[in-house]
Amino acid sequence: QEQLLESGGGSVQAGGSLRLSCAASKRTVGSNCMAWFRQAPGKEREGVGSLNTVVGGRIFYADSVKGRATISQDKAKNTIYLQMNNLKPEDTAMYYCAADTSGAVSDFDVCSMGAVDKYNNWGQGTQVTVSS
């Protein structure tokens, strides 16, 4: 079972920035589709963005964060990142890293975000709180 560990959350004022990290215990970064999700209190978990870690690209963003979020990776560190800028109070949520390790991924796979049940590995989450 893959282990994913998120870090980098915190409390910021609106307009601020945070960079979240997700460190994987195995060679997931470079082999699989991975994604960031978030869940606010009382709401369903929603996708933030996803990427094909084989090529470090084919990145998708949810409309709610498009233009403010950047997903990247460092294969050598087996880590993916979520940079969030111009944070808004509605970005307040627990942010989760997820990986789909159910099958091999090629350079050409789209790795669209998909639903929560697409991913079989999850981290414990890191809290992001944005105050107005």
Side-chain angles (χ1 to χ4, degrees):
Q1 182 77 9
E2 169 68 276
Q3 291 188 348
L4 303 173
L5 181 62
E6 303 95 335
S7 62
S11 297
V12 297
Q13 291 192 325
S17 299
L18 281 174
R19 184 189 180 200
L20 309 184
S21 300
C22 171
S25 62
K26 299 179 182 179
R27 292 264 178 221
T28 299
V29 180
S31 302
N32 301 104
C33 297
M34 295 186 70
W36 286 96
F37 282 76
R38 66 185 182 184
Q39 188 167 18
K43 294 189 176 181
E44 292 187 354
R45 194 167 295 191
E46 64 174 5
V48 176
S50 61
L51 83 161
N52 176 328
T53 67
V54 175
V55 295
R58 307 194 188 286
I59 299 174
F60 291 85
Y61 296 102
D63 288 343
S64 58
V65 301
K66 203 169 290 184
R68 301 187 296 121
T70 303
I71 294 175
S72 61
Q73 68 179 40
D74 185 332
K75 282 187 183 181
K77 295 182 178 180
N78 212 23
T79 299
I80 66 168
Y81 304 95
L82 173 63
Q83 175 73 39
M84 290 284 293
N85 299 323
N86 191 21
L87 283 159
K88 305 176 182 180
E90 51 264 42
D91 293 319
T92 295
M94 185 72 78
Y95 283 70
Y96 298 91
C97 172
D100 174 9
T101 61
S102 60
V105 171
S106 74
D107 294 7
F108 305 102
D109 280 313
V110 172
C111 286
S112 57
M113 198 134 50
V116 168
D117 58 9
K118 171 180 176 177
Y119 301 91
N120 57 341
N121 288 277
W122 292 84
Q124 294 300 305
T126 185
Q127 177 68 38
V128 172
T129 303
V130 185
S131 58
S132 56

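None of these values were measured; they are calculated from a predicted model. Heavy-atom basis, side chains included; hydrogens, waters and symmetry copies ignored.
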- Message: Please check if the number of heavy atoms outside Gln127 that lie under 6.0 Å from its CD is greater than 12.
- Response: yes

- Message: Check this for me: Glu90, atom CD, are more than 12 non-hydrogen atoms of other residues, nucleotides or ligands nearer than 6.0 Å?
- Response: yes

- Note on the structure: For Gly103 and Asn32 the tightest heavy-atom approach is O-ND2, 3.5 Å

- By side-chain hydrogen bond (donor to acceptor under 3.5 Å, both in side chains) - contacts of Ser11 (at least two apart): none

- Would you mind reporting whether Tyr61 and Arg68 have side-chain heavy atoms less than 4.5 Å apart? no

- Item | Pairwise side-chain contact, Thr92 with Val130, heavy-atom cut-off 4.5 Å (strictly under) | yes

- Over all heavy atoms of both residues, which pair between Ser132 and Ala14 is shortest? Give the atoms and the distance, please. CA-CB, 4.3 Å

- Task: Rounded to the nearest 0.5 Å, what's the gap from CD on Gln124 to SG on Cys97? Could you check?
- Result: 11.5 Å

- Going hydrophobic residue to hydrophobic residue with side-chain gaps under 4.5 angstrom, can you get from Ile59 over to Val29? yes

- Item | Under-4.0 Å salt bridge between Asp91 and Lys88 | no

- Any side-chain heavy atom of Leu18 within less than 4.5 Å of one from Leu87? yes

- Which of these, Thr53, Asn52, Leu51, sits in a side-chain contact (heavy atoms from CB on, under 4.5 Å) with Cys111? Asn52

- Minimum heavy-atom distance between Thr79 and Ser21, given as atom pair plus value: CG2-CB, 4.2 Å

- Message: Quick one, Met84 and Val65 - any side-chain contact, counting heavy atoms below 4.5 Å?
- Response: yes

- Message: Within the supplied structure, the quantity of interest is the number of heavy atoms (other residues, nucleotides, ligands) at a distance under 6.0 Å from Lys77 NZ; does it exceed 12?
- Response: no

- Note on the structure: For Gly9 and Val128, the nearest pair of non-hydrogen atoms, with its separation, is CA-CG2, 4.2 Å

- Task: Would you check if the side chain of Thr126 reaches a backbone N or O of Tyr95 as a donor-acceptor pair within less than 3.5 Å?
- Result: no

- At what distance, to the nearest 0.5 angstrom, does CE of Met34 lie from OG1 of Thr101? 9.5 Å

- Message: Rounded at 0.5 Å granularity, tell me how far CG in Asn121 sits from CD in Gln3.
- Response: 9.5 Å

- Task: Supply the atom-to-atom distance Ile80 CD1 to Ile71 CD1, rounded to the nearest 0.5 angstrom.
- Result: 6.5 Å

- Modelled atom types, side-chain donor and acceptor of Asn85 and Ser17, under 3.5 Å: yes

- Query: Do the side chain of Gln13 and the main chain of Ser131 share a donor and acceptor less than 3.5 angstrom apart?
  - Reply: no

- Query: Linking Ile, Leu, Val, Met, Phe, Trp and Tyr through side-chain heavy atoms less than 4.5 Å apart, which residues share a cluster with Tyr119?
  - Reply: Phe37, Met94, Tyr96, Met113, Val116, Trp122

- Message: Can you tell me how far apart CZ (Arg19) and OG (Ser7) are? Round to the nearest 0.5 Å.
- Response: 9.5 Å

- Message: A side-chain contact here means heavy atoms from C-beta on lying under 4.5 Å apart; do Asp100 and Asn120 qualify?
- Response: yes

- Message: I'd like to know if the side chain of Lys118 and the backbone of Ser112 have a donor-acceptor N/O pair within less than 3.5 Å.
- Response: yes

- Message: Return the CZ to CZ distance between Arg45 and Arg38, rounded to the nearest 0.5 Å.
- Response: 13.0 Å

